Amino acid sequence: MNTATHFYEHIQNELDNIHHAGLFKEERILITPQGALVRIQDGREVINFCANNYLGLSAHPAVIAAAHHALDTHGYGLSSVRFICGTQDIHKQLEQRLSSFLGTEDTILYAAAFDANGGLFEPLLGEQDAVISDALNHASIIDGIRLCKAKRYRYTHDNLNDLEAQLKQARADGARHILVFTDGVFSMDGTIAQLDKIRELADRYDALLGIDECHASGFLGPTGRGTHEHCGLLGKVDIITGTLGKALGGASGGFTSGRKEVIALLRQRSRPYLFSNTVAPSIVGASIAVLDLIEGSTQLRDKLAANTAFFRREIAAAGFEIKPGIHPIVPVMVYDAVKAQALSKRLLELGVYAVGFFYPVVATGQARIRTQISAVHEMAHLQKAVAAFSQAGRELGIIA
Ligand SMILES: *Cc1c(COP(=O)(O)O)cnc(C)c1O
């Protein structure tokens, strides 16, 4: 057998293994824009509970209009990285608008938050430095940390005692600079990081603090600025990364925000910024419109909070166990992977699209349906979903 044949057989074996383990991921094809209701390819219309469309902006008329307008005024694309000829006035405006929204000095845009995290650590931290990371941090943070030369420390998820132990260890090991980095919100449980306490600990050991705000920017905190606002830390977090691909419009794009010297160095050294194309003008124009909407009124954020409180209360009253909290990520616990899949399948038949998560996405025995609430859901959608959960849950013996 020649090398190529052997290689392709090896790849096919890997695919077969994924299938046999029951872990093969299929793409579900939608034929409508993102919204409370979506139509799937077989023609069924279902209520969507699995988009990160927290504020319902993915197909908001004002956002679409702004994207059209930017296409007309600034073109389709720039065919360039930022520093050659890929920076337009609107890119600078969006960076300024994000800085003022987040309460930072400056912001740098990336093609994705994955790139923001991937290109964050290597330029800022060297061999003498330490980075301390929550064990459940997002894959892009893990990858970004792998690419830097700093010494790596990991603390047990959301465990402040272990964080302190790691801070002590990093100091004992003689670290020059220490950066603690955590997701502001963890996407599997909707857990909000205990940022106020993390900040206190970081201060005690003279460490910097960075957060990934992908599941927070736009709606967490009284005016939607994020986890730092929610925890009373506006202006007190050193580095914030985030996405334009979730609550902030849902297209794509990411950013890193912080002190101006940090952002300036990232513009010089961050590889996904230097070697990858600029964010498309239509997305940039639309993102400015998103910030106009969010800064102009807390209406969407308030509706999301009210929808979330309603759904959490009603699904619990129906007899389901949920992960407690206030976040619009509402994990409905099933524990058993097979049952979780059956529940998701039955919900779809009943017109509710909510996916099951099981090992290895979450720990063994922690299978769940992860629902995500949106400001675009109306009361009738939420009521219909609770009724579908109740019916399917009883049929499957998950609730009494
Ligand atoms: C979604 C997500 C990302 C990646 O964002 P993209 O802009 O889609 O690349 C990074 N970090 C966290 C915590 C996320 O949830």
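Both counts, for ligands and for their atoms, begin at 1 and track the order of listing. Just so we're clear, the structure is a prediction, and the values are computed from it rather than from any experiment. Below, all heavy atoms of this structure are taken into account, side chains as well, without hydrogens, waters or symmetry copies.
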Heavy-atom contacts with His215 under 4.0 Å: which atoms of ligand 1 show up? List them by number with element.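 In order of number, 15 (O).
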
Atoms of ligand 1 less than 4.0 Å from Ser140 heavy atoms?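 Here the atoms of ligand 1 in question are 10 (C), 11 (N).
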
Test: Asp189 and Arg368 ion pair at under 4.0 Å: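 Yes.
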
NZ/NE/NH1/NH2 to OD/OE distance under 4.0 Å, Glu164 and Arg204: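 Yes, charged N to carboxylate O under 4.0 Å.
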
For ligand 1, which is the ligand I care about here, please tell me if Ala113 has any N or O atom under 3.5 Å from one of the ligand's N or O atoms.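 So ligand 1 has an N or O lying under 3.5 Å from an N or O of Ala113.
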
Would you say Phe114 and ligand 1 have an N/O pair spaced under 3.5 Å apart?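 For ligand 1, there is an N or O atom that lies under 3.5 Å from one belonging to Phe114.
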
Parallel, tilted or perpendicular: rings of Phe49 and His377 (30°, 60°):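 His377 vs Phe49 ring planes: parallel.
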
For [atom], what is the closest protein heavy atom, and at what distance to 0.1 Å?
{"atom": "atom 8 (O) of ligand 1", "result": "Thr243 OG1, 4.2 Å"}
{"atom": "atom 11 (N) of ligand 1", "result": "Asp212 OD2, 2.6 Å"}
{"atom": "atom 2 (C) of ligand 1", "result": "Lys246 NZ, 2.5 Å"}

Ile369: which of Val352, Leu343, Ile398 passes side chain to side chain contact (heavy atoms under 4.5 Å, CB included):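 Only one of Val352, Leu343, Ile398 forms a side chain to side chain contact (heavy atoms under 4.5 Å, CB included) with Ile369, namely Leu343.
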
Whether the side chain of Asn53 engages the backbone of Ser58 through a donor-acceptor N/O pair (distance < 3.5 Å, no angle test) should be reported.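 Side chain of Asn53 to backbone of Ser58: a pair is present.
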
Taking Asp238 for its side chain and Leu208 for its backbone only, find out whether a donor-acceptor pair lies under 3.5 Å.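 Not a single qualifying donor-acceptor pair exists.
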
